[in-house]
Amino acid sequence: MSQVTARVLNSGMRLPPLPTIRELVKLYKLQAMKQLSQNFLMDERLTDKIVKSAGRIDPRDIVLEVGPGPGGITRSILRRQPQRLILVEKDRRFGETLQLLRECASPLDMQVDIYYDDILRFNIEQHIPDMTQRIHLIGNLPFSISTRLLINWYADLAARRGAFRRNDTCMTLTFQKEVAERICAPVGSEQRCRLSVMSQIWTEPVMKFIIPGKAFVPKPQVDVGVVKLIPLKQPKTQLPFSLVERVVRHIFSMRQKYCRRGYGTLLPPDSREETTQTLFQRADVRDTLRSFELSVPQCLRLADAYAEYIKEHPEVEAYDYRGPKNPDVSGAAAASS
Ligand SMILES: C[S@@+](CC[C@H](N)C(=O)[O-])C[C@H]1O[C@@H](n2cnc3c(N)ncnc32)[C@H](O)[C@@H]1O
């Protein structure tokens, strides 16, 4: 019998049941705060399935849950008995429930730390100063911040900071189904976009399962996808995150056109055509592919070619296609006025 199973069997941990939907509405005076993207998951089979998707949680591990709300996923995590659970929730109305869960966990030497904070500003290094323990990031994310949070975490991953000072910190997160599909989209697929390439440069994203919208309270307009993002042991690039992000953003800015069009907007108009052609040759990429047909290595070779070019021409780095002094933009404005 594993140590974890033994602890669970011997623990006798009694977690208070999840409130019913009627109680939830009454308790938290829920008018489902739209700005906090509150869609709660009240089915324990589903919350258990999300936590199971995170893989093995060892008794020494730390789990950070984003937005626990009334604590459905939190209960499923506690049943796996990590040594420490960090909860980051913006809405203080859930304080009482979360506090109760903390009290249930305490006799079993599980440390539950509750922070009422914005996950986008939460300083993980401050709360987990040493990296001797493995971290799992889990959350039924608020739709309104999911992409921004993910991009922030990729920046941390690229710089090996925050939760990613170790290379085994996995993320198990929910997204609107379409966003989940984009994250995992392969080359040539309809959903392939900037987020697919950014995700696949630093992680291996795995679509775990889909949760129908009707499983949530209140029911969102869309279904939800659960994705596990496993950081790559060997990063596919050593380039700075901001440079890669910029190049990929430009490549995908004109999705239906030849990829040279979007990439070209990284460069000032006077020498754009010929420089774009040169950089595509250096990168060994056909410039008539559409952006969604580009593989991760092709995007990274284009980023390498741009990085080399701005080393030779440092003034180009500051060029902003959408900037106010840009003849492209003022020309377009004049034409449309
Ligand atoms: C989709 S609900 C999920 C709630 C709960 N985990 C569940 O599955 O039922 C998102 C939760 O994130 C919280 N939240 C929203 N924005 C947040 C932010 N910036 N930082 C931390 N929590 C946030 C909301 O208050 C809400 O409790």
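Remember, it's 1-based here, ligands and their atoms both numbered in the order they're listed.
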Using a 4.0 Å cut-off to any heavy atom of [X], which atoms of ligand 1 qualify?
| X | value |
| --- | --- |
| D91 | 25 (O) |
| D117 | 20 (N), 21 (C) |
| G69 | 27 (O) |
| E65 | 6 (N) |
| V88 | 21 (C), 22 (N) |

Can you find an N or O of L120 that's nearer than 3.5 Å to an N or O of ligand 1?
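No, there is no polar N/O contact under 3.5 Å.
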Would you say I145 and ligand 1 have an N/O pair spaced under 3.5 Å apart?
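No.
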Can you check which of R92, R121, K90, R148 brings a heavy atom nearest to atom 23 (C) of ligand 1?
K90
Parallel, tilted or perpendicular: rings of F280 and Y263 (30°, 60°):
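Because their plane-to-plane angle is over 60°, the rings of Y263 and F280 count as perpendicular.
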Parallel, tilted or perpendicular: rings of H250 and Y321 (30°, 60°):
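Answer is perpendicular, since the angle exceeds 60°.
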For ligand 1, the portion of P68 having any non-hydrogen atom under 4.0 Å away
backbone
Can you tell which part of I73 has a heavy atom less than 4.0 Å from ligand 1: side chain, backbone, both or neither?
side chain
Would a 4.5 Å heavy-atom cut-off, applied to side chains only, mark [X] and [Y] as touching?
| X | Y | result |
| --- | --- | --- |
| V224 | L41 | no |
| T203 | M171 | yes |
| V206 | E204 | yes |

Donor-acceptor pair, side chain of N123 and main chain of Q126, under 3.5 angstrom
yes
Non-hydrogen atom of D118 closer than 4.0 Å to ligand 1:
yes
Using distance alone, with no hydrogens and no angle criterion, decide if R102 and Q99 have a side-chain donor and acceptor under 3.5 Å apart.
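Yes, side-chain donor-acceptor contact under 3.5 Å.
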If you take the centroid of each ring, where Trp contributes its six-membered ring, are F241 and W202 closer together than 6.0 Å?
yes
